[in-house]
Number of protein chains: 2
Amino acid sequence: MSEPTTPERIFAAADELFGSMGYDGVSVRDIAEKAGVNKASVFYHYDSKDALFERVLDRYYTAHHEALEDVWGLVGDPMSRLHAVIDSYIDFMLANQRYPRLIVSMINAANPQHLEFIQRSTGSLFNWTERALGDITPDSGPLAARQFYLTISGAVTNTFIYAEAVAPWWGGNPLSEGNLATRREHIHWLVDMCLEGLARERTDV
Amino acid sequence: MSEPTTPERIFAAADELFGSMGYDGVSVRDIAEKAGVNKASVFYHYDSKDALFERVLDRYYTAHHEALEDVWGLVGDPMSRLHAVIDSYIDFMLANQRYPRLIVSMINAANPQHLEFIQRSTGSLFNWTERALGDITPDSGPLAARQFYLTISGAVTNTFIYAEAVAPWWGGNPLSEGNLATRREHIHWLVDMCLEGLARERTDV
DNA sequence: GTCTATAGGCGGATAGAC
DNA sequence: GTCTATCCGCCTATAGAC
(Lines give C-alpha, C1' and ligand atoms only; values in the text may rest on other atoms or scores of the structure.)
Protein backbone atom coordinates (compact mmCIF):
# COMPACT_ATOMS: atom_id res chain seq x y z
CA MET A 1 0.00 0.00 0.00
CA SER A 2 1.91 3.05 -1.25
CA GLU A 3 1.15 6.67 -0.42
CA PRO A 4 -1.35 8.34 -2.73
CA THR A 5 0.19 10.62 -5.35
CA THR A 6 -0.55 14.34 -5.42
CA PRO A 7 -3.11 14.06 -8.26
CA GLU A 8 -4.83 11.28 -6.32
CA ARG A 9 -4.98 13.35 -3.17
CA ILE A 10 -6.43 16.27 -5.09
CA PHE A 11 -8.96 14.04 -6.80
CA ALA A 12 -10.11 12.48 -3.52
CA ALA A 13 -10.48 15.88 -1.86
CA ALA A 14 -12.41 17.25 -4.84
CA ASP A 15 -14.69 14.22 -4.87
CA GLU A 16 -15.55 14.63 -1.22
CA LEU A 17 -16.05 18.39 -1.29
CA PHE A 18 -18.00 18.64 -4.54
CA GLY A 19 -20.19 15.77 -3.36
CA SER A 20 -21.07 17.46 -0.10
CA MET A 21 -21.24 21.14 -1.05
CA GLY A 22 -21.82 21.22 -4.80
CA TYR A 23 -19.77 22.87 -7.50
CA ASP A 24 -20.44 26.47 -6.50
CA GLY A 25 -19.99 25.78 -2.81
CA VAL A 26 -16.40 24.65 -3.15
CA SER A 27 -13.31 26.67 -4.02
CA VAL A 28 -9.98 25.44 -5.37
CA ARG A 29 -8.46 26.69 -2.15
CA ASP A 30 -10.75 24.37 -0.16
CA ILE A 31 -9.70 21.44 -2.31
CA ALA A 32 -6.00 22.21 -1.99
CA GLU A 33 -6.23 22.56 1.78
CA LYS A 34 -8.14 19.31 2.18
CA ALA A 35 -5.65 17.52 -0.05
CA GLY A 36 -2.74 19.06 1.82
CA VAL A 37 -1.19 20.44 -1.34
CA ASN A 38 -0.51 23.90 -2.74
CA LYS A 39 -3.33 25.62 -4.59
CA ALA A 40 -1.16 26.02 -7.68
CA SER A 41 -0.65 22.26 -7.78
CA VAL A 42 -4.35 21.79 -8.41
CA PHE A 43 -4.10 23.86 -11.58
CA TYR A 44 -0.88 22.15 -12.58
CA HIS A 45 -2.51 18.70 -12.45
CA TYR A 46 -6.06 19.52 -13.54
CA ASP A 47 -5.92 22.73 -15.64
CA SER A 48 -9.10 24.26 -14.18
CA LYS A 49 -11.72 23.83 -11.51
CA ASP A 50 -14.24 22.88 -14.17
CA ALA A 51 -12.02 20.20 -15.68
CA LEU A 52 -11.44 18.71 -12.24
CA PHE A 53 -15.17 18.64 -11.60
CA GLU A 54 -15.79 16.83 -14.85
CA ARG A 55 -13.11 14.27 -14.04
CA VAL A 56 -14.88 13.54 -10.77
CA LEU A 57 -18.23 13.22 -12.53
CA ASP A 58 -16.80 11.04 -15.21
CA ARG A 59 -15.51 8.44 -12.81
CA TYR A 60 -18.95 8.07 -11.23
CA TYR A 61 -20.63 7.90 -14.59
CA THR A 62 -18.29 5.17 -15.82
CA ALA A 63 -18.63 3.17 -12.61
CA HIS A 64 -22.41 3.48 -12.79
CA HIS A 65 -22.41 2.13 -16.32
CA GLU A 66 -20.16 -0.77 -15.44
CA ALA A 67 -22.34 -1.72 -12.48
CA LEU A 68 -25.36 -1.81 -14.79
CA GLU A 69 -23.62 -3.85 -17.47
CA ASP A 70 -22.60 -6.45 -14.92
CA VAL A 71 -26.20 -7.08 -13.92
CA TRP A 72 -27.53 -6.88 -17.45
CA GLY A 73 -25.41 -9.91 -18.29
CA LEU A 74 -27.27 -12.06 -15.79
CA VAL A 75 -29.83 -14.63 -16.90
CA GLY A 76 -33.30 -15.18 -15.49
CA ASP A 77 -36.88 -14.08 -15.93
CA PRO A 78 -37.66 -10.36 -16.26
CA MET A 79 -38.89 -10.11 -12.68
CA SER A 80 -35.81 -11.51 -10.99
CA ARG A 81 -33.65 -9.48 -13.36
CA LEU A 82 -35.53 -6.35 -12.37
CA HIS A 83 -35.03 -7.01 -8.68
CA ALA A 84 -31.36 -7.70 -9.29
CA VAL A 85 -31.01 -4.37 -11.10
CA ILE A 86 -32.68 -2.49 -8.27
CA ASP A 87 -30.48 -4.13 -5.67
CA SER A 88 -27.42 -3.30 -7.70
CA TYR A 89 -28.69 0.28 -8.09
CA ILE A 90 -29.16 0.66 -4.35
CA ASP A 91 -25.78 -0.93 -3.65
CA PHE A 92 -24.10 1.43 -6.07
CA MET A 93 -25.71 4.48 -4.50
CA LEU A 94 -24.78 3.22 -1.05
CA ALA A 95 -21.15 2.79 -2.09
CA ASN A 96 -21.14 6.15 -3.90
CA GLN A 97 -23.34 8.37 -1.79
CA ARG A 98 -21.85 11.53 -3.20
CA TYR A 99 -23.04 10.60 -6.69
CA PRO A 100 -26.76 11.36 -6.27
CA ARG A 101 -25.84 14.53 -4.42
CA LEU A 102 -23.60 15.61 -7.26
CA ILE A 103 -26.44 15.01 -9.68
CA VAL A 104 -28.85 17.25 -7.80
CA SER A 105 -26.19 19.88 -7.28
CA MET A 106 -25.93 20.11 -11.07
CA ILE A 107 -29.66 20.38 -11.67
CA ASN A 108 -29.67 24.09 -10.99
CA ALA A 109 -26.20 24.76 -12.34
CA ALA A 110 -25.70 27.59 -14.75
CA ASN A 111 -23.29 25.55 -16.83
CA PRO A 112 -25.13 23.89 -19.75
CA GLN A 113 -22.44 21.20 -19.96
CA HIS A 114 -23.59 19.95 -16.59
CA LEU A 115 -27.13 19.55 -17.89
CA GLU A 116 -25.80 17.55 -20.82
CA PHE A 117 -24.04 15.25 -18.40
CA ILE A 118 -27.28 14.54 -16.55
CA GLN A 119 -29.09 13.96 -19.83
CA ARG A 120 -26.51 11.38 -20.88
CA SER A 121 -26.54 9.74 -17.50
CA THR A 122 -30.32 9.46 -17.15
CA GLY A 123 -30.69 8.63 -20.84
CA SER A 124 -28.58 5.50 -20.73
CA LEU A 125 -30.29 4.33 -17.56
CA PHE A 126 -33.64 4.86 -19.22
CA ASN A 127 -32.60 2.87 -22.28
CA TRP A 128 -31.78 0.00 -19.98
CA THR A 129 -35.19 0.27 -18.31
CA GLU A 130 -36.98 0.25 -21.61
CA ARG A 131 -35.21 -2.92 -22.72
CA ALA A 132 -36.02 -4.55 -19.40
CA LEU A 133 -39.68 -3.52 -19.33
CA GLY A 134 -40.38 -3.31 -23.06
CA ASP A 135 -42.32 -6.58 -23.16
CA ILE A 136 -44.62 -5.84 -20.26
CA THR A 137 -45.34 -2.11 -20.57
CA PRO A 138 -47.24 -0.22 -23.26
CA ASP A 139 -45.31 2.13 -25.56
CA SER A 140 -47.06 5.21 -24.26
CA GLY A 141 -49.54 6.40 -21.66
CA PRO A 142 -49.43 6.34 -17.87
CA LEU A 143 -47.96 2.82 -17.72
CA ALA A 144 -45.12 3.36 -20.19
CA ALA A 145 -41.63 2.31 -19.13
CA ARG A 146 -40.46 5.90 -18.82
CA GLN A 147 -43.04 6.56 -16.11
CA PHE A 148 -41.78 3.66 -14.05
CA TYR A 149 -38.21 4.68 -14.63
CA LEU A 150 -38.80 8.12 -13.14
CA THR A 151 -40.79 6.74 -10.23
CA ILE A 152 -38.54 3.84 -9.25
CA SER A 153 -35.20 5.54 -9.80
CA GLY A 154 -36.57 8.44 -7.78
CA ALA A 155 -37.52 6.09 -4.96
CA VAL A 156 -33.94 4.84 -4.89
CA THR A 157 -32.01 8.08 -5.27
CA ASN A 158 -34.29 10.14 -3.02
CA THR A 159 -33.49 7.74 -0.21
CA PHE A 160 -29.95 9.05 -0.31
CA ILE A 161 -30.59 12.64 -1.31
CA TYR A 162 -33.14 13.35 1.40
CA ALA A 163 -31.56 11.21 4.12
CA GLU A 164 -30.38 14.17 6.19
CA ALA A 165 -33.58 16.10 5.58
CA VAL A 166 -35.91 13.38 6.82
CA ALA A 167 -33.70 12.04 9.62
CA PRO A 168 -35.43 14.01 12.44
CA TRP A 169 -38.77 12.29 11.91
CA TRP A 170 -37.53 9.02 10.40
CA GLY A 171 -36.23 7.48 13.59
CA GLY A 172 -32.49 7.84 13.27
CA ASN A 173 -30.34 7.84 10.20
CA PRO A 174 -32.28 6.54 7.18
CA LEU A 175 -29.05 5.11 5.81
CA SER A 176 -28.25 2.96 8.84
CA GLU A 177 -28.00 -0.71 7.99
CA GLY A 178 -31.41 -1.59 9.41
CA ASN A 179 -33.29 1.38 7.97
CA LEU A 180 -31.77 0.92 4.55
CA ALA A 181 -32.73 -2.76 4.54
CA THR A 182 -36.31 -1.72 5.30
CA ARG A 183 -36.22 0.84 2.52
CA ARG A 184 -34.94 -1.83 0.15
CA GLU A 185 -37.86 -4.06 1.10
CA HIS A 186 -40.27 -1.21 0.46
CA ILE A 187 -38.92 -0.63 -3.03
CA HIS A 188 -39.07 -4.32 -3.86
CA TRP A 189 -42.66 -4.43 -2.63
CA LEU A 190 -43.45 -1.40 -4.77
CA VAL A 191 -41.96 -3.03 -7.86
CA ASP A 192 -43.98 -6.19 -7.24
CA MET A 193 -47.18 -4.18 -6.93
CA CYS A 194 -46.42 -2.48 -10.23
CA LEU A 195 -45.64 -5.76 -11.97
CA GLU A 196 -48.86 -7.32 -10.69
CA GLY A 197 -50.85 -4.33 -11.79
CA LEU A 198 -49.24 -4.42 -15.22
CA ALA A 199 -50.01 -8.13 -15.58
CA ARG A 200 -53.66 -7.46 -14.77
CA GLU A 201 -53.82 -4.65 -17.31
CA ARG A 202 -52.55 -7.00 -19.99
CA THR A 203 -55.06 -9.76 -19.29
CA ASP A 204 -57.92 -7.25 -19.15
CA VAL A 205 -57.24 -6.05 -22.69
CA MET B 1 -52.90 47.40 -12.07
CA SER B 2 -50.16 49.62 -10.62
CA GLU B 3 -46.46 49.28 -11.30
CA PRO B 4 -44.64 46.90 -8.98
CA THR B 5 -42.68 48.62 -6.21
CA THR B 6 -38.92 48.32 -5.96
CA PRO B 7 -39.03 45.68 -3.20
CA GLU B 8 -41.48 43.68 -5.30
CA ARG B 9 -39.24 43.87 -8.35
CA ILE B 10 -36.28 42.72 -6.29
CA PHE B 11 -38.29 39.89 -4.77
CA ALA B 12 -39.51 38.68 -8.16
CA ALA B 13 -36.01 38.74 -9.63
CA ALA B 14 -34.58 36.89 -6.62
CA ASP B 15 -37.31 34.28 -6.81
CA GLU B 16 -36.62 33.60 -10.44
CA LEU B 17 -32.84 33.53 -10.18
CA PHE B 18 -32.54 31.51 -6.97
CA GLY B 19 -35.06 29.05 -8.37
CA SER B 20 -33.12 28.45 -11.54
CA MET B 21 -29.49 28.67 -10.39
CA GLY B 22 -29.53 28.04 -6.65
CA TYR B 23 -28.27 30.20 -3.82
CA ASP B 24 -24.57 29.97 -4.63
CA GLY B 25 -25.14 30.39 -8.34
CA VAL B 26 -26.69 33.83 -7.99
CA SER B 27 -25.08 37.11 -6.95
CA VAL B 28 -26.75 40.22 -5.59
CA ARG B 29 -25.49 41.98 -8.69
CA ASP B 30 -27.43 39.51 -10.86
CA ILE B 31 -30.59 40.14 -8.87
CA ALA B 32 -30.23 43.93 -9.06
CA GLU B 33 -29.66 43.82 -12.81
CA LYS B 34 -32.65 41.57 -13.45
CA ALA B 35 -34.85 43.78 -11.26
CA GLY B 36 -33.54 46.91 -12.99
CA VAL B 37 -32.51 48.53 -9.71
CA ASN B 38 -29.27 49.57 -8.11
CA LYS B 39 -27.31 46.95 -6.18
CA ALA B 40 -27.35 49.09 -3.05
CA SER B 41 -31.16 49.12 -3.17
CA VAL B 42 -31.21 45.39 -2.65
CA PHE B 43 -29.36 45.80 0.64
CA TYR B 44 -31.50 48.74 1.62
CA HIS B 45 -34.70 46.73 1.26
CA TYR B 46 -33.52 43.27 2.32
CA ASP B 47 -30.47 43.73 4.55
CA SER B 48 -28.50 40.80 3.14
CA LYS B 49 -28.48 38.20 0.41
CA ASP B 50 -29.25 35.52 2.95
CA ALA B 51 -32.26 37.38 4.37
CA LEU B 52 -33.63 37.85 0.86
CA PHE B 53 -33.22 34.18 0.15
CA GLU B 54 -35.12 33.25 3.29
CA ARG B 55 -37.93 35.60 2.40
CA VAL B 56 -38.27 33.84 -0.94
CA LEU B 57 -38.27 30.44 0.74
CA ASP B 58 -40.76 31.53 3.32
CA ARG B 59 -43.36 32.58 0.82
CA TYR B 60 -43.24 29.16 -0.85
CA TYR B 61 -43.36 27.39 2.46
CA THR B 62 -46.41 29.32 3.62
CA ALA B 63 -48.22 28.84 0.31
CA HIS B 64 -47.43 25.14 0.40
CA HIS B 65 -48.95 24.85 3.85
CA GLU B 66 -52.06 26.73 2.90
CA ALA B 67 -52.58 24.55 -0.15
CA LEU B 68 -52.40 21.50 2.09
CA GLU B 69 -54.77 22.88 4.70
CA ASP B 70 -57.36 23.65 2.05
CA VAL B 71 -57.50 20.04 0.95
CA TRP B 72 -57.27 18.62 4.46
CA GLY B 73 -60.58 20.31 5.23
CA LEU B 74 -62.37 18.28 2.57
CA VAL B 75 -64.64 15.40 3.50
CA GLY B 76 -64.70 11.94 1.99
CA ASP B 77 -63.17 8.49 2.38
CA PRO B 78 -59.41 8.18 2.86
CA MET B 79 -58.83 7.10 -0.73
CA SER B 80 -60.55 10.03 -2.41
CA ARG B 81 -58.90 12.35 0.10
CA LEU B 82 -55.53 10.91 -0.81
CA HIS B 83 -56.11 11.45 -4.50
CA ALA B 84 -57.26 14.99 -3.79
CA VAL B 85 -54.07 15.68 -1.87
CA ILE B 86 -51.92 14.34 -4.65
CA ASP B 87 -53.71 16.41 -7.24
CA SER B 88 -53.33 19.47 -5.09
CA TYR B 89 -49.64 18.64 -4.60
CA ILE B 90 -49.07 18.36 -8.34
CA ASP B 91 -51.04 21.54 -8.99
CA PHE B 92 -49.00 23.42 -6.44
CA MET B 93 -45.71 22.25 -7.92
CA LEU B 94 -46.94 23.14 -11.38
CA ALA B 95 -47.84 26.65 -10.25
CA ASN B 96 -44.56 27.00 -8.30
CA GLN B 97 -42.03 25.16 -10.40
CA ARG B 98 -39.11 26.93 -8.81
CA TYR B 99 -40.01 25.56 -5.40
CA PRO B 100 -38.82 21.96 -5.89
CA ARG B 101 -35.70 23.30 -7.55
CA LEU B 102 -35.00 25.54 -4.59
CA ILE B 103 -35.37 22.57 -2.29
CA VAL B 104 -32.78 20.49 -4.13
CA SER B 105 -30.45 23.45 -4.50
CA MET B 106 -30.38 23.66 -0.71
CA ILE B 107 -29.66 20.00 -0.16
CA ASN B 108 -25.95 20.45 -0.76
CA ALA B 109 -25.76 23.91 0.71
CA ALA B 110 -23.09 24.69 3.24
CA ASN B 111 -25.52 26.76 5.31
CA PRO B 112 -27.06 24.62 8.08
CA GLN B 113 -30.07 26.96 8.28
CA HIS B 114 -31.03 25.83 4.81
CA LEU B 115 -31.03 22.22 5.96
CA GLU B 116 -33.31 23.16 8.85
CA PHE B 117 -35.73 24.72 6.40
CA ILE B 118 -35.95 21.48 4.42
CA GLN B 119 -36.42 19.50 7.61
CA ARG B 120 -39.34 21.71 8.63
CA SER B 121 -40.84 21.61 5.17
CA THR B 122 -40.65 17.84 4.70
CA GLY B 123 -41.56 17.22 8.34
CA SER B 124 -44.93 18.97 8.20
CA LEU B 125 -45.75 17.25 4.93
CA PHE B 126 -44.87 13.92 6.49
CA ASN B 127 -47.10 14.61 9.49
CA TRP B 128 -49.94 15.13 7.11
CA THR B 129 -49.19 11.84 5.35
CA GLU B 130 -49.10 9.96 8.61
CA ARG B 131 -52.51 11.29 9.64
CA ALA B 132 -53.91 10.40 6.23
CA LEU B 133 -52.40 6.90 6.09
CA GLY B 134 -52.23 6.08 9.79
CA ASP B 135 -55.22 3.77 9.74
CA ILE B 136 -54.11 1.68 6.81
CA THR B 137 -50.35 1.41 7.22
CA PRO B 138 -48.33 -0.35 9.92
CA ASP B 139 -46.31 1.77 12.34
CA SER B 140 -42.98 0.45 11.13
CA GLY B 141 -41.41 -1.77 8.51
CA PRO B 142 -41.35 -1.51 4.71
CA LEU B 143 -45.02 -0.50 4.47
CA ALA B 144 -44.93 2.32 7.04
CA ALA B 145 -46.37 5.69 6.07
CA ARG B 146 -42.93 7.31 5.93
CA GLN B 147 -41.89 4.92 3.18
CA PHE B 148 -44.84 5.87 1.04
CA TYR B 149 -44.30 9.52 1.77
CA LEU B 150 -40.77 9.41 0.39
CA THR B 151 -41.79 7.36 -2.63
CA ILE B 152 -44.91 9.27 -3.64
CA SER B 153 -43.66 12.77 -2.93
CA GLY B 154 -40.53 11.84 -4.87
CA ALA B 155 -42.66 10.71 -7.81
CA VAL B 156 -44.35 14.11 -7.81
CA THR B 157 -41.38 16.40 -7.26
CA ASN B 158 -38.99 14.47 -9.51
CA THR B 159 -41.39 15.09 -12.36
CA PHE B 160 -40.51 18.76 -12.11
CA ILE B 161 -36.90 18.51 -11.01
CA TYR B 162 -35.80 16.18 -13.78
CA ALA B 163 -38.03 17.59 -16.51
CA GLU B 164 -35.17 19.21 -18.44
CA ALA B 165 -32.89 16.25 -17.85
CA VAL B 166 -35.27 13.66 -19.30
CA ALA B 167 -36.78 15.81 -22.05
CA PRO B 168 -34.53 14.47 -24.86
CA TRP B 169 -35.83 10.90 -24.52
CA TRP B 170 -39.27 11.68 -23.09
CA GLY B 171 -40.86 12.86 -26.29
CA GLY B 172 -41.00 16.60 -25.84
CA ASN B 173 -41.37 18.62 -22.69
CA PRO B 174 -42.47 16.43 -19.78
CA LEU B 175 -44.36 19.40 -18.38
CA SER B 176 -46.50 20.03 -21.44
CA GLU B 177 -50.19 19.78 -20.71
CA GLY B 178 -50.60 16.34 -22.25
CA ASN B 179 -47.45 14.81 -20.77
CA LEU B 180 -48.21 16.13 -17.32
CA ALA B 181 -51.74 14.73 -17.48
CA THR B 182 -50.24 11.34 -18.30
CA ARG B 183 -47.79 11.64 -15.44
CA ARG B 184 -50.67 12.49 -13.13
CA GLU B 185 -52.51 9.35 -14.24
CA HIS B 186 -49.39 7.30 -13.58
CA ILE B 187 -49.08 8.57 -10.03
CA HIS B 188 -52.76 7.95 -9.33
CA TRP B 189 -52.39 4.42 -10.69
CA LEU B 190 -49.34 3.93 -8.48
CA VAL B 191 -51.24 5.08 -5.40
CA ASP B 192 -54.11 2.72 -6.21
CA MET B 193 -51.71 -0.19 -6.55
CA CYS B 194 -50.21 0.65 -3.16
CA LEU B 195 -53.63 0.95 -1.51
CA GLU B 196 -54.74 -2.38 -2.96
CA GLY B 197 -51.56 -4.03 -1.78
CA LEU B 198 -51.95 -2.57 1.68
CA ALA B 199 -55.55 -3.81 1.86
CA ARG B 200 -54.41 -7.31 0.97
CA GLU B 201 -51.67 -7.20 3.62
CA ARG B 202 -54.27 -6.32 6.25
CA THR B 203 -56.68 -9.14 5.35
CA ASP B 204 -53.80 -11.61 5.21
CA VAL B 205 -52.85 -10.90 8.81
C1' DG C 1 6.61 19.19 -9.72
C1' DT C 2 6.06 22.41 -6.12
C1' DC C 3 6.36 26.61 -4.25
C1' DT C 4 5.50 32.17 -3.50
C1' DA C 5 3.62 36.01 -5.24
C1' DT C 6 0.39 38.29 -7.69
C1' DA C 7 -2.80 39.57 -11.33
C1' DG C 8 -7.52 40.85 -12.33
C1' DG C 9 -12.19 40.31 -11.37
C1' DC C 10 -16.25 39.46 -8.69
C1' DG C 11 -18.33 38.52 -4.12
C1' DG C 12 -21.23 40.83 -0.19
C1' DA C 13 -21.70 44.85 2.14
C1' DT C 14 -21.33 49.94 3.54
C1' DA C 15 -20.64 55.28 3.56
C1' DG C 16 -22.36 59.21 2.36
C1' DA C 17 -24.07 62.62 -1.28
C1' DC C 18 -28.44 63.80 -3.14
C1' DG D 1 -35.19 55.83 -1.27
C1' DT D 2 -31.77 55.80 -4.74
C1' DC D 3 -27.51 56.70 -6.36
C1' DT D 4 -21.94 56.60 -6.84
C1' DA D 5 -17.96 55.22 -4.99
C1' DT D 6 -15.53 52.24 -2.40
C1' DC D 7 -13.87 48.62 1.03
C1' DC D 8 -11.99 44.30 1.62
C1' DG D 9 -11.85 39.55 1.07
C1' DC D 10 -12.10 35.61 -1.85
C1' DC D 11 -12.30 33.80 -6.45
C1' DT D 12 -9.86 31.43 -10.59
C1' DA D 13 -5.82 31.41 -12.80
C1' DT D 14 -0.92 32.42 -14.07
C1' DA D 15 4.14 33.88 -13.86
C1' DG D 16 8.27 32.63 -12.53
C1' DA D 17 11.78 31.17 -8.90
C1' DC D 18 13.48 26.92 -7.13
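Naming: A, B, ... by sequence-line order, numbering from 1 per chain.
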Exercise for review: Evaluate the criterion ring pair (Phe, Tyr, Trp, His ring centres under 6.0 Å) for residue pair A:H64 and A:Y89; output intermediate values, then yes/no.
Suggested key: CA-CA 8 Å; A:H64 193 164; A:Y89 196 24; 5.7 Å; yes
Practice item. Before giving the answer on ring pair (Phe, Tyr, Trp, His ring centres under 6.0 Å), spell out for A:F11 and A:H45 the whole-Å C-alpha distance, their side-chain angles and the decisive distance to 0.1 Å. Key: CA-CA 10 Å; A:F11 189 95; A:H45 289 286; over 10 Å; no
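For B:Q119, the CD atom is densely surrounded, since the number of other residues' heavy atoms within 6.0 Å is greater than 12. Summarising the local packing, CZ of B:R81 is surrounded by more than 12 heavy atoms from other residues, nucleotides or ligands at distances under 6.0 Å.
A cation-pi arrangement is absent between B:K49 and B:F18, since the terminal nitrogen or guanidinium carbon is not both under 6.0 Å from the aromatic centre and inside a 45° cone about the axis.
Applying the side-chain contact (heavy atoms from CB on, under 4.5 Å) rule to A:S20 yields no partners; only residues at least two apart in sequence or on another chain are considered.
Not a single donor-acceptor pair under 3.5 Å links the side chain of A:D15 to the backbone N or O of A:V56.
Among the candidates A:Y60, A:Y61, A:Y99, the single residue satisfying the side-chain hydrogen bond (donor to acceptor under 3.5 Å, both in side chains) test with A:S121 is A:Y99.
In the region residues 25-43 of chain A, proximity to DNA chain C at under 4.0 angstrom, judged on heavy atoms, holds for A:N38, A:A40, A:S41.
Remark: C1' of C:dC10 and CG of B:D24 are 14 Å apart, rounded to the nearest angstrom.
Nucleotides of DNA chain D with any atom under 4.0 Å from a heavy atom of chain B span, from 5' to 3', D:dG1 to D:dT4.
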